[in-house]
Amino acid sequence: MTIRVGQAGLGEWGKNLARNFADLAEVTWLADPAEGKAAEFHTRYPHARWADSFDEMLEDPELDAVVIATPVPTHYELAKRALEAGKHVFVEKPPAMRGAEIEELCELAEERDLVLMPGHLLLYHPGVQKLKEIVDSGELGEVLYVYGNRQNLGTFRTNENALWSLGVHDLSVLLYLIEEEPIEVQAHGNAFLSKGVEDVVFCYLRFPSGKMAHMHLSWLDPHKIRRITVVGNERMAVFDDMERERKITVYDNWRTRTGDIYSPTVDATEPLRRECEHFLGLVAGEGAPHRAARDAILVVRALDQLQASLETVTV
Ligand SMILES: NC(=O)c1ccc[n+]([C@@H]2O[C@H](COP(=O)([O-])OP(=O)(O)OC[C@H]3O[C@@H](n4cnc5c(N)ncnc54)[C@H](O)[C@@H]3O)[C@@H](O)[C@H]2O)c1
């Protein structure tokens, strides 16, 4: 079955999605109002039609699915219109900016039996898959706490803060590993560069089982760190995306015990390719169609609550 895909948003990230979808499916429509995009993308994808508006592509009854890679504040509205038009939707992260909005999108998708998949790229990273496998196997014992570090210098964003821009990645992984919804969240941060846009955010989350999690998010930092650490009551494991070879390290050290440290092999497939394949598989009827959207509810709800906490304590 060839799936016909239309894509809105062909910016820095969108062009990567278009490249993958063009390899894996039939890209029949493209849309981006920015000057020069139509000519640039017509050269790359001469068989795709250019839509002057998002609604124009939605009117095509032959179109199966829509990919949304536009700026974050537009996601909810565009995803809603696409679902209402009966199209399956892949929407970049975060799929919405309010818990109530993502719940509404999910209900719409379920009612119409459509796929709604958020672009939680890290969940398709073979290193994260391996970490999940290790956690679920019980090798670490009981998980006590998990924390994420996502720091670097730049890109300084002005329209979304470090929580929404960086935190969505780590949060999707923390919730995937812990499989619980937090009962308490707190965020502290500060806007040093652009008024009202926090560059540095520290988040704390506590879960019903007593597990806790933390995230250090910053684009104003001398270190480039992309790391998730899981501490269990028997072993500890680290996913470090800055490592070329040893993406995962397991430490058999616990209190006074000094054991082995090892790095299991991690498959090298590009996460984005796996993510696009997963979406097309769901559209083709493989796997649980509503699982990804249900997971997105937890992520957006937690982001929404963390943002509320940030606003109460940010000076
Ligand atoms: N998964 C990841 O790792 C990852 C990485 C980077 C960005 N992203 C996400 O991808 C999305 C796009 O990011 P980017 O860096 O490409 O941004 P960008 O600003 O480079 O591109 C956005 C594009 O969308 C276009 N656009 C705006 N409104 C539109 C509309 N109504 N219809 C069609 N096109 C429209 C703009 O003209 C622009 O070309 C964001 O949601 C971002 O969070 C995800």
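Heavy-atom basis, side chains included; hydrogens, waters and symmetry copies ignored. All ligand and atom numbering here is 1-based and tracks the order in the structure.
A donor-acceptor pair shorter than 3.5 Å cannot be found between the side chains of Trp219 and Asn152. At a cut-off of 3.5 Å, with distance as the only test, a side-chain donor of Thr269 or Asp267 sits close to an acceptor on the other residue.
Nearest protein neighbour of atom 13 (O) of ligand 1, counting heavy atoms only, is Trp13 CB, 4.0 Å. In this structure, atom 1 (N) of ligand 1 lies nearest to the protein heavy atom Glu92 OE1, 3.4 Å. The protein heavy-atom contact nearest to atom 22 (C) of ligand 1 is Ala69 O, 3.8 Å. Nearest to atom 20 (O) of ligand 1 among the protein's heavy atoms is Glu12 N, 3.0 Å. Looking from atom 31 (N) of ligand 1 to the surrounding protein, the closest heavy atom is Leu78 CD1, 4.0 Å. If you check which protein heavy atom lies closest to atom 21 (O) of ligand 1, you get Gly11 CA, 3.2 Å. In this structure, the protein non-hydrogen atom closest to atom 36 (C) of ligand 1 is Asp32 OD1, 3.5 Å. Scanning the protein heavy atoms around atom 19 (O) of ligand 1, the nearest turns out to be Pro71 CG, 5.0 Å.
Ligand-side atoms of ligand 1 in range of Leu121: 1 (N), 3 (O), range being under 4.0 angstrom from any heavy atom. Residue Val72 has at least one heavy-atom neighbour below 4.0 Å for each of these atoms of ligand 1: 41 (O), 43 (O). Atoms of ligand 1 found under 4.0 Å from any heavy atom of Gly14, numbered from 1 in the order shown, are 16 (O). If you number the atoms of ligand 1 from 1 as listed, the ones under 4.0 Å from a heavy atom of Ala34 come out as 37 (O).
For the pair Lys37 and ligand 1, the shortest N or O to N or O distance does not fall below 3.5 Å. Considering backbone and side-chain atoms alike, His75 places an N or O below 3.5 Å from some N or O of ligand 1. Of the N or O atoms in Glu160, none lie within a sub-3.5 Å distance of an N or O in ligand 1.
Here Lys93 has heavy atoms under 4.0 Å from ligand 1 in both its backbone and its side chain. Looking at Thr70 against ligand 1, both its backbone and its side chain come within 4.0 Å, counting heavy atoms.
Geometric assessment of Lys130 against the ring of Phe239 yields a negative cation-pi assignment under the 6.0 Å and 45° thresholds.
Between His278 and Tyr124, the angle of the ring planes lies from 30° to 60°, which puts this pair in the tilted group.
Per-atom contact check: atom 17 (O) of ligand 1 does not touch the protein, criterion being a heavy-atom distance below 4.0 Å.
Applying the salt bridge (charged side-chain N to carboxylate O under 4.0 Å, His left out) test between Asp241 and each of Arg246, Lys247, Arg227 identifies Lys247 as the sole match.
When the shell of 6.0 Å around CZ of Arg273 is examined, it contains more than 12 heavy atoms from other residues, nucleotides or ligands. Atom CZ of Arg44 is surrounded by more than 12 heavy atoms from other residues, nucleotides or ligands within 6.0 Å.
Both Phe41 and Val67 are assigned to one and the same hydrophobic cluster, defined by single-linkage of ILVMFWY side chains at heavy-atom distances under 4.5 Å. When hydrophobic clusters are built by joining Ile, Leu, Val, Met, Phe, Trp and Tyr residues whose side-chain heavy atoms come closer than 4.5 Å, directly or via intermediates, Leu205 is not grouped with Tyr147. No continuous path of ILVMFWY side-chain contacts below 4.5 Å connects Tyr204 to Val143, so the two sit in separate hydrophobic clusters. Tracing side-chain contacts under 4.5 Å through hydrophobic residues (I, L, V, M, F, W, Y), one never reaches Val72 starting from Ile68; they form parts of separate clusters.
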